[in-house]
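Input: a single structure, listed below in structure tokens.
Side chains are part of it too, since the values below use all heavy atoms of this structure and drop only hydrogens, waters and symmetry mates. Worth saying up front: this structure is predicted, and the values here are computed from it rather than measured.
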Amino acid sequence: MTTVTPLISSASPLARDIDGKAIAAQVLEEVREDVKKLAGQQIFPALAVLLVGEDPASHVYVRNKLLRAQEVGIRSLEYRLPDTASQVQVLELIAQLNMDVSVNGILVQLPLPAHIDEAAVIHAIDPIKDVDGFHRENVGGLVQGIEVLTPCTPSGCMRLLQETCGDLSGLHAVVIGRSNIVGKPMATLLLQANCSVSVVHSRSVDAPALCRLADIVVAAVGRPGLIDASWLKPGAVVIDVGINRIATESGHRLVGDVDYASARTVASAITPVPGGVGPMTIAYLLKNTLVASQLQRGVGRVLVG
Ligand code: NAD
């Protein structure tokens with residue numbers, strides 16, 4: 001057993017912010033550089049984004065993804081289908097994109113309208129173009145430690161942690177939430193980084209006590225302000241994945257799963273909401289598009305690491 005040194009020695013009584021915007025900008029710069037190198041070889045990575053229906057939040061997410069893609073020089077193709085589109089229509093479009101060698105990444109914006117089977121759509125995407133990393137083949141590869149396309153939000157959280165703590169070996173990480181898109185892949189990535197990992201969920205007994213053992217806390221629950229100072233060990237590093245809309249007199253504001261004001265009196269570093277994990281998700285989507293284009297050419301992760 002190795003002895004673990006404190007993560008961050010903090011003389012300040014308040015945790016420092018982990019600046020997701022700045023770190024995401026760094027990732028996007030890395031992607032932009034790699035896109036330039038590929039252009040020199042006449043290779044132009046392309047991302048296809050499919051939006052079904054009129055969900056306003058999904059429209060905003062897709063717009064942001066397309067905008068960022070354009071900024072780093074990744075070609076983006078937007079496909080929109082109406083709410084009334086059938087599952088067969090969606091699957092036909094995916095089959096067409098799977099066959100199109102000029103398309104490197106396929107992203108289906110979730111959630112899909114209720115009459116469409118989300119799992120059937122995700123598993124229809126060619127795993128080597130599955131830039132969300134949700135296909136069962138990529139999930140299996142991730143668990144086995146094989147080079148695959150890994151889900152964007154957990155990948156972004158890992159980068160935030162590495163930038164904040166350096167080597168994570170031997171640290172105890174608690175992931176709160178066990179969803180397929182955040183909690184489970186997050187726990188797997190932390191395990192691969194040699195953390196001791198606990199997963200806390202809705203059926204856990206005394207979640208705050210389990211959490212107080214953690215050097216690293218990753219909250220992905222969807223409950224505004226659930227985690228406060230009483231859940232944290234002094235000096236813990238806190239990654240708040242939660243994005244919750246709270247109604248205000250003038251509209252709404254976004255808050256995380258962590259009670260930021262309370263948690264920062266005990267933690268050593270914390271991601272704010274907004275401006276923490278959110279920007280990393282898009283950055284890693286574009287990074288995955290590059291990785292996909294490399295895997296499709298059989299060159300592995302040479303340019304992006
Ligand atoms: P989900 O609803 O699929 O899963 C929530 C998990 O929380 C479940 O596994 C459940 O067991 C657990 N849980 C519920 N109540 C709990 C409690 N009281 N104590 C402990 N665990 C509890 O949610 P998700 O898709 O994983 O998303 C979680 C949050 O992260 C949401 O707010 C979502 O909006 C946000 N999110 C943000 C990004 C981003 O880019 N920042 C990406 C994905 C999700």
Side-chain angles (χ1 to χ4, degrees), residues 4 6-10 12 14-31 64-65 68 72 132-133 142 149-177 179 181-199 211 214-222 227 231-233 235-244 254-260 263-264 266-288 291 304-305:
V4 176
L7 295 173
I8 296 172
S9 55
S10 166
S12 154
L14 290 181
R16 75 173 169 88
D17 272 358
I18 301 172
D19 188 345
K21 274 192 204 159
I23 299 172
Q26 214 174 301
V27 175
L28 289 171
E29 190 48 43
E30 291 161 16
V31 172
N64 287 340
K65 287 168 185 175
R68 291 284 106 74
V72 298
D132 256 340
L142 173 63
L149 292 162
T150 51
C152 307
T153 301
S155 300
C157 293
M158 288 305 290
R159 176 71 176 255
L160 293 177
L161 284 168
Q162 281 149 358
E163 297 276 345
T164 306
C165 313
D167 183 11
L168 306 183
S169 286
L171 298 176
H172 182 200
V174 169
V175 179
I176 313 170
S179 70
I181 63 167
V182 190
K184 284 182 199 161
M186 187 71 227
T188 308
L189 287 171
L190 286 162
L191 195 58
Q192 280 170 3
N194 300 316
C195 290
S196 302
V197 183
S198 310
V199 180
C211 224
D215 303 304
I216 293 169
V217 174
V218 181
V221 186
I227 294 109
W231 289 55
L232 302 174
K233 175 165 100 173
V237 171
V238 179
I239 303 291
D240 188 355
V241 181
I243 301 181
N244 307 291
L254 295 181
V255 299
D257 291 339
V258 178
D259 179 340
Y260 174 81
R264 71 197 292 250
V266 173
S268 61
I270 184 168
T271 53
V273 177
V277 174
M280 297 300 288
T281 299
I282 297 189
Y284 270 81
L285 167 68
L286 300 174
K287 193 153 181 151
N288 268 356
V291 172
V304 284

- prompt: Can any side-chain N or O of N244 pair as donor or acceptor with the backbone N or O of G256 at less than 3.5 Å?
  reply: yes
Do I270 and D17 make a side-chain contact, defined as non-hydrogen atoms from C-beta onward lying under 4.5 Å apart?
yes
Taken to the nearest 0.5 Å, the spacing of C165 SG from L171 CG works out to 6.5 Å
Side-chain donor-acceptor pairs under 3.5 Å in residues 274-282, sequence neighbours left out?
from: T281; atom 1: OG1; to: T153; atom 2: OG1; distance (Å): 3.0

When every non-hydrogen atom of A283 is compared with those of A24, the smallest separation belongs to CB-O, 4.0 Å
Rounded to the nearest 0.5 Å, the CG atom of L232 sits from the CG atom of D259 at a distance of 10.0 Å
In short, G183 meets V175 closest at the heavy-atom pair O-CG1, 3.7 Å
For C195 and I216, the nearest pair of non-hydrogen atoms, with its separation, is SG-CD1, 4.5 Å
Q) Are side-chain heavy atoms of V237 and I18 found at a separation under 4.5 Å? A) yes
Output for pair (E163 CD, R159 CZ), nearest 0.5 Å, gives 4.5 Å
Shortest non-hydrogen pair, A15 vs A269, comes out as CB-N, 3.7 Å
CD1 (I239) and CG (L160) are apart, to the nearest 0.5 Å, by 5.0 Å
Sorted by chain and number, sequence neighbours left out, side-chain contact (heavy atoms from CB on, under 4.5 Å) with S196 holds for H172
When every non-hydrogen atom of V182 is compared with those of P154, the smallest separation belongs to O-CG, 3.8 Å
Practice prompt. Just do the side chain to side chain contact (heavy atoms under 4.5 Å, CB included) check on V217 and V258 with the steps written out, would you?
Written response: CA-CA 10 Å; V217 174; V258 178; 6.0 Å; no
(message) Quick one: does any side-chain atom of D257 pair with a main-chain N or O of D240 as donor and acceptor, under 3.5 Å?
(response) no
Rounding to 0.5 Å, atoms CG (L189) and NZ (K184) come to a distance of 14.5 Å
Rounded to the nearest 0.5 angstrom, the CG-NZ distance for L285 and K65 is 6.0 Å
Paired with P151, the side-chain contact (heavy atoms from CB on, under 4.5 Å) test is passed by just one of D132, N288, L142, namely L142
side-chain contact (heavy atoms from CB on, under 4.5 Å) with M158: of V218, T150, L168, only one passes, and it is L168
Taking the side chain as every heavy atom from C-beta outward, state whether V27 and Y284 have any atom pair closer than 4.5 Å. yes
